[in-house]
2 protein chains.
Amino acid sequence: MKLSTRGQYALHAMIFLARKAGEGPQSLKTIAEDGLPEQYLEQLLGALRRAGLVTTVRGAAGGYHIARPASEITVGHILESTEGPVNLSECVGDSASCAKGAACATRDLWAYLTDNINQLMQGISLQDVLQNKPYGAKEYTNS
Amino acid sequence: MKLSTRGQYALHAMIFLARKAGEGPQSLKTIAEDGLPEQYLEQLLGALRRAGLVTTVRGAAGGYHIARPASEITVGHILESTEGPVNLSECVGDSASCAKGAACATRDLWAYLTDNINQLMQGISLQDVLQNKPYGAKEYTNS
DNA sequence: TGAAACCCGATAAAATCAATCGGGATTGCG
DNA sequence: CGCAATCCCGATTGATTTTATCGGGTTTCA
């Protein structure tokens, strides 16, 4: 199970923008200055904008803003907007793709894993990342 | 975050083998009979064998066995052997790939997520899947 | 000896990812 | 006004990964 660079670049950009919150628009060039491919990052920022995570100012001296406080943005939201939703198997959510329909042992498994991964990623805010909050080991107790 | 078909096919095969435990070797053709591409599945069974999850009997009337009781095989193990380890970012485990070395806010995040996903998948045995155990929602309480 | 089966590296077709290109639209500033 | 800075966006290209298929080799049973 891998993540593409999109999510990594997007997180990088969001961290940058969160740190510059309130300092006016940050240009693409500025955000990409530590070596990220500029035009590629532009695509990702477009996705982040469409997801409502950043706002933009067009024209000269324009750039990108973080749209909300870092505490109100989750890692899950950032990754989903650039990588698409967590999708471990087509058969979850699209019952037509599986001949067996809903009565499938693995289907429940994929749904369960998907759910938990989403919860995990939505449980971490951008602010947590900024503060390098010491992530405690989660308790995995089946209820 | 996607999973390739490898993991899905492998899980399918393992479920099949678990159900046939004690009934003698199951041929590739038999395992693939519900429409999985036979020669592709063969590659995956090779990986499962190298991971110690199945054993094989060569020659005529040969085939594949599950190597251990289903209760002792986890979903994580199956997926890892066919998809490779969970890898959200190169920088976890390979400090050389990141110029900042260990002092990186995102690095800790990736490590944390990787850890939790692994725990999640290792917490489910093949037997749980067979029994279609009603997965309770896990409690995500940071300790 | 021959058929059934696993074993395995090489190759090929398709899909996805990563990045670039080329131009268009918007806006601040002199 | 005119120009430079900047965001916007669809198309294209090259690399990589995924998903197989192929062609053979080896093992074993009858």
Side-chain angles (χ1 to χ4, degrees), chain A residues 1-13 16-17 20 24-33 35-67 79 81-90, chain B residues 1-13 16-17 20 23-33 35-51 53-67 79 81-90:
Chain A
M1 204 176 335
K2 284 191 197 171
L3 216 56
S4 71
T5 59
R6 302 169 80 93
Q8 298 175 34
Y9 288 170
L11 180 66
H12 184 99
F16 185 93
L17 290 177
K20 302 285 188 176
Q26 303 295 314
S27 75
L28 179 60
K29 197 190 286 187
T30 311
I31 302 173
E33 75 183 358
L36 306 199
E38 198 171 318
Q39 290 168 294
Y40 189 37
L41 188 59
E42 191 176 18
Q43 290 180 23
L44 305 178
L45 282 163
L48 291 170
R49 176 176 48 77
R50 286 185 289 275
L53 300 181
V54 303
T55 54
T56 56
V57 179
R58 303 187 64 174
Y64 299 86
H65 285 289
I66 195 168
L79 296 184
S81 68
T82 48
E83 305 249 1
V86 175
N87 183 12
L88 303 185
S89 171
E90 301 307 324
Chain B
M1 200 176 339
K2 285 190 196 171
L3 216 55
S4 70
T5 59
R6 303 170 80 91
Q8 299 175 33
Y9 289 171
L11 180 66
H12 183 100
F16 185 93
L17 291 177
K20 301 285 188 176
E23 297 185 25
Q26 303 294 315
S27 75
L28 179 60
K29 198 189 286 187
T30 309
I31 301 173
E33 75 182 358
L36 307 199
E38 197 170 318
Q39 290 168 294
Y40 190 37
L41 187 60
E42 191 176 20
Q43 290 178 21
L44 305 178
L45 282 163
L48 291 170
R49 175 175 49 76
R50 286 185 290 275
L53 300 181
V54 303
T55 54
T56 56
V57 178
R58 303 188 64 177
Y64 300 86
H65 286 288
I66 195 167
L79 295 183
S81 66
T82 46
E83 305 247 3
V86 175
N87 183 12
L88 303 185
S89 171
E90 301 305 324

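Only this structure's heavy atoms are used, side chains among them; waters, hydrogens and symmetry mates stay out. Computed from a predicted structure; not experimentally measured. By convention in this document, chain letters (A, B, ...) are assigned in the order of the sequence lines, proteins followed by strands, and residues within each chain are numbered from 1.
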From [atom1] of [X] over to [atom2] of [N], roughly how many Å is that when rounded to an integer?
X       : N      : atom1 : atom2 : value
B:Leu28 : D:dC22 : CG    : C1'   : 15 Å
A:Asn87 : C:dT16 : CG    : C1'   : 14 Å
A:Lys2  : D:dT16 : NZ    : C1'   : 9 Å
B:Tyr40 : D:dG23 : OH    : P     : 20 Å
B:Gln43 : C:dC7  : CD    : P     : 13 Å
A:Lys29 : D:dC7  : NZ    : C1'   : 13 Å
B:Leu44 : D:dT18 : CG    : P     : 12 Å
B:Gln26 : C:dC6  : CD    : P     : 10 Å

[X] side chain: which of [options] is closest?
X       : options               : value
A:Thr56 : D:dC7, D:dC22, C:dC21 : D:dC7
B:Gln39 : D:dC9, D:dT19, D:dT21 : D:dT21
A:Tyr64 : C:dA18, C:dG28, D:dC7 : D:dC7

- Query: How far does CG of A:Leu17 sit from NE2 of A:His12, to the nearest 0.5 angstrom?
  - Reply: 10.0 Å
So does [X] get a side-chain nitrogen or oxygen closer than 4.0 Å to the phosphate oxygens (OP1/OP2) of [N]?
X       : N      : value
A:Ser4  : C:dC17 : no
A:Arg49 : D:dC7  : no
B:Tyr9  : D:dA20 : yes

- Okay, side chain of A:Glu83, backbone of A:Ser4: is any donor-acceptor separation there less than 3.5 Å? yes
- Message: Donor-acceptor pair, distance only, cut-off 3.5 Å: does the side chain of A:Gln26 make one with the backbone of A:Gly24?
- Response: yes
- Query: Got B:Tyr40 and B:Thr5 here, is their nearest side-chain heavy-atom distance under 4.5 Å?
  - Reply: yes
Need one value for [X]: base, sugar-phosphate or nothing, where a base atom within 4.0 Å counts as base even if backbone is also close, heavy atoms only.
X       : answer
A:Gln8  : nothing
A:Arg6  : sugar-phosphate
B:Leu45 : nothing
A:Gly62 : sugar-phosphate

On a plain distance test, is the side chain of [X] in donor-acceptor contact with the base of [N] below 3.5 Å?
X       : N      : value
A:Glu42 : C:dT20 : no
B:Glu38 : D:dT21 : no
B:Arg58 : D:dT28 : no

Could you report the tightest heavy-atom contact between [X] and [Y], atom names first, then the distance?
X       : Y       : result
A:Gly62 : A:Pro25 : C-CB, 3.7 Å
A:Gly7  : A:Thr82 : CA-OG1, 3.8 Å
B:Ala10 : B:Leu44 : N-CD1, 4.5 Å
A:Ala47 : A:Ser81 : CB-O, 3.6 Å

- Query: Want to settle it: does B:Leu3 or A:Ser27 sit nearer the 5' end of DNA chain D, counting the closest nucleotide to each?
  - Reply: A:Ser27
- Message: Taking the axis from the first five pairs and the axis from the last five, what angle separates them in the helix from C:dT1-D:dA30 to C:dG30-D:dC1, rounded to 10 degrees?
- Response: 0°
